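Here the structure is laid out as structure tokens; the discussion comes afterwards.
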Amino acid sequence: MTLKLKTLSGATAAALLCGLHFGDIAQAADTPVKAAIGEQAKAEESGRSSQKRIDEMDDAVVGIVASYRQALTETSSLKDYNDQLAVQTASQDQEIAALNQQLSEIDKTAREVTPLMSNMLATLDSFVKLDTPFLPDERSKRIKGLKEMMARADISVSEKYRRIVEGYQIEMEYGRTLEAYQGKVGDKTVDFVRAGRVALLYQTLDGKETGYWDADAKSWVVDNRYELDAKTGLKIAKKQSAPDFLVVPVHAPVEAK
């Protein structure tokens with residue numbers, strides 16, 4: 001068998017050679033380009049990652065700065081509060097010292113006031129016993145209650161003093177009031193009319209007997225001359241009649257010695 005080779009023209013052969021050459025060149029050139037593109041993509045991705053980290057760090061810094069400023073504000077506020085507390089504490093220390101001083105003085109005052117109150121109560125008791133004998137049960141009961149109070153430890157000194165002074169005030173009020181009440185003269189139930197401490201008259205319930213307390217004789221005296229005045233005084237004291245002048249027996253003054 002005989003092989004026949006077809007001879008290619010020069011142009012055709014050159015074209016074939018060029019096609020092969022350019023393909024190799026294009027293929028060879030495509031590798032660096034892809035590599036460059038990949039590097040660029042990596043660089044861009046790295047840049048995005050870096051920017052993200054920068055943004056995150058910036059946010060963290062902003063948060064830290066805000067926390068720092070808040071801490072400064074709170075520190076300043078706490079300092080002002082502590083300064084105020086220091087002033088209040090100093091004031092309270094002064095008050096405590098003053099109270100302690102007062103407490104020590106109270107103990108001393110209590111020791112001094114207790115004998116004084118005992119003397120006041122004894123004087124009041126003697127006064128009531130020597131006074132005109134009006135409301136004897138009520139006044140005696142008051143004095144007895146004050147004496148019992150003085151022996152009680154559960155009542156403060158100030159309260160004891162207040163009650164004794166109150167007893168004096170009640171006795172003082174008797175001296176400027178008009179009063180009517182029922183009581184006993186001997187075995188007889190009578191109506192009494194007290195005109196301050198000036199006079200104490202009585203009248204039996206049937207109105208047949210009228211009398212008064214004789215301060216000199218320290219006894220009751222029957223004297224019906226005061227019948228009308230006793231009746232008028234009783235009406236005035238009971239607010240059954242308008243105030244009016246009364247004629248009453250008065251103890252004669254004596255020269256003081």
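For clarity, every value in this text was computed on a predicted model and none was experimentally measured.
Rounding to the nearest 0.5 Å places OG1 of Thr189 at 11.0 Å from CG of Asp206. Rounding to the nearest 0.5 angstrom, the gap separating the CG atom in Asn224 from the CD atom in Gln203 is 8.5 Å. A distance of 12.0 Å separates OG in Ser126 from CG in Asp131, rounded to the nearest 0.5 Å. With values rounded to the nearest 0.5 angstrom, Glu95 atom CD is found 10.5 Å from Gln88 atom CD. Distance check, rounded to the nearest 0.5 Å: CZ of Phe245 to OG1 of Thr232 gives 13.5 Å. Taken to the nearest 0.5 Å, the CG atom of Leu121 stands 12.5 Å off from the CZ atom of Arg163.
The salt bridge (Lys or Arg N to Asp or Glu O under 4.0 Å) test with Arg197 singles out one residue from Glu179, Glu171, Glu173, and that residue is Glu171.
Put simply, the side chain of Thr114 does not reach to within 4.5 Å of the side chain of Lys160, judged on heavy atoms. Residues Ile143 and Phe127 have side chains not in contact (no heavy-atom distance under 4.5 Å, counting atoms from C-beta outward). At least one side-chain heavy atom of Thr177 sits less than 4.5 Å from a side-chain heavy atom of Arg194. Using a 4.5 Å heavy-atom cutoff, the side chains of Lys231 and Thr210 are not in contact. Between Leu201 and Pro249, the closest side-chain pair of non-hydrogen atoms falls below 4.5 Å. With a 4.5 Å cut-off on side-chain heavy atoms, Tyr202 and Val222 count as touching. Between Tyr212 and Thr132 the shortest side-chain heavy-atom distance does not fall below 4.5 Å. Inter-residue side-chain proximity for Asp80 and Ser76 is flagged as met; some heavy-atom pair is nearer than 4.5 Å.
If you chain together hydrophobic residues whose side chains sit under 4.5 Å apart, Met117 and Tyr168 fall into the same group.
Closest approach of Ala195 to Leu178, counting heavy atoms only: CA-CD1, 3.8 Å. Shown here for Val193 and Leu234, the closest heavy-atom pair between the two residues is CB-CD2, 3.8 Å. When all heavy atoms are compared, the tightest approach of Gly167 to Leu124 is C-CD2, 4.2 Å.
Other residues, nucleotides and ligands contribute only 12 or fewer heavy atoms inside 6.0 Å of the CZ atom of Arg225. Few gaps surround OH on Tyr174; more than 12 heavy atoms of other groups in view lie less than 6.0 Å from it.
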Indicate every side-chain donor-acceptor pair of residues 146-153 with a distance under 3.5 Å to a residue at least two apart or in another chain.
residue	atom	partner	partner atom	Å
Lys147	NZ	Asp125	OD2	2.7
Arg152	NE	Asp154	OD1	3.1
Arg152	NH2	Asp154	OD2	2.7

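The distance between the ring centers of Phe134 and Phe192 does not fall below 6.0 angstrom.
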